Student: 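Have a look at the structure that comes next, please.
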Amino acid sequence: MKQRAIITVVGKDTVGIIAKVCTYLADSNINILDISQTIVQEFFNMMMIVDLSKSEKSFDRIADEIAAVGQNTGVQIKCQLEGIFDKMHRI
């Protein structure tokens, strides 16, 4: 069964943001199911739906490590489980 999460990346556009995020995901055995990214002026925004079910890492560890990737890259990265994301954004 898939354990899906939403990853958001926001910040000033710089070279290598997507590469660093995707490298972390691949190294953690996390599959990207869908991805959307835009650049408005010089600001970068990306949203990904990922499958965590094959990763050996806990969700909390993934969320902490991906946030650290963001800090090292100069962007903010958040990871939320799909169920929590759905409940937070229900109208």
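Keep in mind it's a predicted model, so treat the numbers as computed, not measured.
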Student: Below 4.5 Å, heavy atoms only, C-beta onward: do Val50 and Leu25 meet side chain to side chain?
Tutor: yes
Student: Is any side-chain heavy atom of Met46 closer than 4.5 Å to one of Val21?
Tutor: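 The answer is yes; the side chains approach within 4.5 Å.
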Student: Could I get the full list of side chain to side chain contact (heavy atoms under 4.5 Å, CB included) partners for Asn31, not counting sequence neighbours?
Tutor: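 Leu33, Asp51.
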Student: Output the distance between atom CD1 (Ile35) and atom CE (Met48), rounded to the nearest 0.5 Å.
Tutor: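 The distance works out to 3.5 Å.
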Student: Can you find a heavy atom in the side chain of Gln37 that is under 4.5 Å from one in the side chain of Ile18?
Tutor: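 They are in contact (side-chain heavy atoms under 4.5 Å apart), so the answer is yes.
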Student: Test side-chain contact (heavy atoms from CB on, under 4.5 Å) on Ile6 and Cys79; report intermediate values, then the result.
Tutor: CA-CA 6 Å; Ile6 310 299; Cys79 183; over 6 Å; no
Student: Side chain to side chain donor-acceptor pair (under 3.5 Å) with Lys12: which residues, sequence neighbours excluded?
Tutor: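 With neighbours one apart ignored, the set is Glu42.
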Student: I'd like to know if Phe43 and Ile77 are part of one continuous hydrophobic network [Ile/Leu/Val/Met/Phe/Trp/Tyr, side-chain heavy atoms within less than 4.5 Å].
Tutor: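 No, it is not one cluster - the side chains of Ile77 and Phe43 are not joined through contacts under 4.5 Å.
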Student: Which atoms form the tightest heavy-atom contact between Ser53 and Gln3, and what is the distance?
Tutor: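 Closest pair (atom of Ser53, atom of Gln3, distance): CB-N, 3.8 Å.
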Student: Table please: side-chain donor-acceptor pairs of residues 66-74 below 3.5 Å, with sequence neighbours left out.
Tutor:
unit_1, atom_1, unit_2, atom_2, d
Asn72, ND2, Ala68, O, 3.3
Thr73, OG1, Val69, O, 2.6

Student: Can you find a heavy atom in the side chain of Val10 that is under 4.5 Å from one in the side chain of Val75?
Tutor: no
Student: Is it the case that the side chain of Ser55 and the backbone of Ser28 share a donor-acceptor pair, with hydrogens and angles ignored and the cut-off at 3.5 Å?
Tutor: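 Yes; judged by distance alone, with no hydrogens or angles, the pair exists.
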Student: Are Ile30 and Ile62 packed together at the side-chain level, in the sense that at least one heavy-atom pair is separated by less than 4.5 angstrom?
Tutor: yes
Student: Among residues at least two apart in sequence or on other chains, which ones pass side chain to side chain contact (heavy atoms under 4.5 Å, CB included) with Ser36?
Tutor: none
Student: With Asp13, which residues qualify under side chain to side chain contact (heavy atoms under 4.5 Å, CB included), at least two apart?
Tutor: Ile17, Ile39, Phe44
Student: Once salt bridge (Lys or Arg N to Asp or Glu O under 4.0 Å) is applied, what residue pairs with a partner in residues 55-64 remain, sequence neighbours excluded?
Tutor: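 Pairs touching residues 55-64 that pass the test: Lys57-Glu65, Arg61-Glu65.
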Student: Would you call Ile7 and Lys78 a side-chain contact if the rule is heavy atoms closer than 4.5 Å?
Tutor: no
Student: If you round to the nearest 0.5 Å, how far is CD of Glu82 from CD1 of Ile49?
Tutor: 6.5 Å
